[in-house]
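To start, the structure itself, in structure tokens.
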Amino acid sequence: MALWRVIRVGSQVARRIVLFIMGLVAMLNLGPTATMALSMLVSLVFYAAAFGFQFAVGFIILLFLHELGHLIATRVVGIAATGPLFVPFVGAVINLRRAPVNAKMEANIAIGGPAMGTLSALGCLALYFWTDSMLMLVLAYTACLLNLFNLIPCSPLDGGRIAVAISPHLWWVGSISLAAMFYWTHNILILVIFFFSLARLWQGDKKDGNEKYFQLTLGQRLTVAWWYFGLLAVLGLLALYLVELLH
């Protein structure tokens with residue numbers, strides 16, 4: 001419960017932190033790399049104050065690897081993107097230079113993050129077996145939870161961007177899941193994401209009036225579904241295994 005209280009307080013100041021970073025970047029006229037480094041440093045300070053320095057460093061690396069997966073995916077599909085901007089107690093985001101041409105391309109970019117996140121969880125587990133470091137075990141479990149949460153099929157999470165290429169009906173599953181999570185945790189960040197998911201449900205399977213954006217072949221939808229449910233299965237089973245190790 002202490003963790004959720006910290007996250008709840010952090011989410012309330014996240015907007016002010018973003019504005020502070022943006023203002024500082026504008027004042028100093030920093031480039032993309034310096035901007036990423038500054039936002040990473042600010043996040044590190046907040047996470048270190050809340051969870052300790054060692055875990056904070058590991059968590060920042062997990063976030064970076066997740067966003068690196070997105071960046072690699074953007075290169076694969078031929079879209080340029082800026083480096084990640086870190087926001088304390090929210091995560092990190094990248095900015096695409098242009099919009100994807102269809103839902104399949106959007107899903108491919110979204111899958112990149114959880115796919116790399118799954119590899120990072122396995123990497124932390126391997127380091128745990130090698131070093132017997134409890135920190136590595138905790139980071140492996142954290143990576144699983146982080147990426148499982150991101151795979152909830154609702155906007156603006158990665159799962160919502162993947163779900164558009166499978167079936168828009170999955171958005172209902174995501175919104176209901178978020179409502180249940182907020183009921184049990186009372187976390188304001190989850191509530192904010194829930195309202196975003198409702199807005200996406202209201203918009204439906206349209207993107208700026210372009211219904212063709214979502215018109216994919218059955219083969220394309222099955223390919224995305226294979227990746228999506230495969231990642232869910234791997235992360236879910238890995239999380240259950242890690243729970244046993246933690247106990």
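This structure is a prediction, so every number in the text was calculated from the model and none was measured.
M134 and I61 end up in the same hydrophobic cluster when Ile, Leu, Val, Met, Phe, Trp and Tyr side chains are linked at under 4.5 Å.
Contact of the L146 side chain with the L63 side chain is registered, since non-hydrogen atoms from C-beta on lie closer than 4.5 Å. Within the 4.5 Å cutoff, the side chain of S120 has no heavy atoms near those of the H66 side chain. The shortest distance between side-chain heavy atoms of L191 and N187 does not fall below 4.5 Å. Side chains of V164 and P168 form no contact here, defined as non-hydrogen atoms less than 4.5 Å apart. Between Y228 and P153 the shortest side-chain heavy-atom distance falls below 4.5 Å. Annotation: side chain of N147 is not in contact with side chain of L62 (no heavy-atom distance under 4.5 Å). Contact of the S43 side chain with the V87 side chain is not registered, since no non-hydrogen atoms from C-beta on lie closer than 4.5 Å.
Taking all atoms of both residues into account, the shortest heavy-atom contact from A107 to A165 is CB-CB, 3.7 Å. Scanning both residues, L157 and F149, for their nearest heavy atoms gives CD1-O, 3.4 Å. Nearest heavy atom pair, residue E106 against residue R161, reads OE2-NH1, 3.4 Å. Considering every non-hydrogen atom in both I109 and H70, the closest pair reads O-ND1, 2.7 Å. Contact between R221 and F214 at its shortest, heavy atoms only, is NH2-O, 2.6 Å. Here the shortest heavy-atom pairing between N108 and V77 reads CB-CG1, 4.1 Å.
Aromatic ring centroids of F194 and F182 lie 6.0 Å or more apart.
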Next item on the list: Would you sort out whether L44 and F53 count as a side chain to side chain contact (heavy atoms under 4.5 Å, CB included), showing the intermediate values?
Entry: CA-CA 8 Å; L44 178 61; F53 181 75; 4.2 Å; yes
Checklist line | Residue pair F86, L38: steps toward the side chain to side chain contact (heavy atoms under 4.5 Å, CB included) verdict | finding: CA-CA 9 Å; F86 291 79; L38 177 61; over 6 Å; no
Item checked: Worked verdict on D158 versus I111 for side chain to side chain contact (heavy atoms under 4.5 Å, CB included) -> CA-CA 7 Å; D158 292 334; I111 286 172; over 6 Å; no
Next item on the list: For D132 and L137, run side chain to side chain contact (heavy atoms under 4.5 Å, CB included): C-alpha distance rounded to whole Å, both residues' side-chain angles, the deciding distance at 0.1 Å, then the answer.
Entry: CA-CA 8 Å; D132 201 31; L137 184 60; over 6 Å; no
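Distance alone, capped at 3.5 Å, is enough to place a donor-acceptor pair between the T82 side chain and the N95 backbone. H247 contributes a side-chain N or O that, together with a main-chain N or O of V243, makes up a donor-acceptor pair within less than 3.5 Å. Q220 places a side-chain N or O within donor-acceptor distance of the main-chain N or O of T217, the cut-off being under 3.5 Å. The backbone N or O of M36 sits less than 3.5 Å from a side-chain atom of S39, completing a donor-acceptor pair.
Ring geometry for Y241 against F129 counts as tilted: the plane angle lies between 30° and 60°, on a 0 to 90° scale.
Residue C144 is tested with L235, L125, L122 for a side chain to side chain contact (heavy atoms under 4.5 Å, CB included); the sole match is L235.
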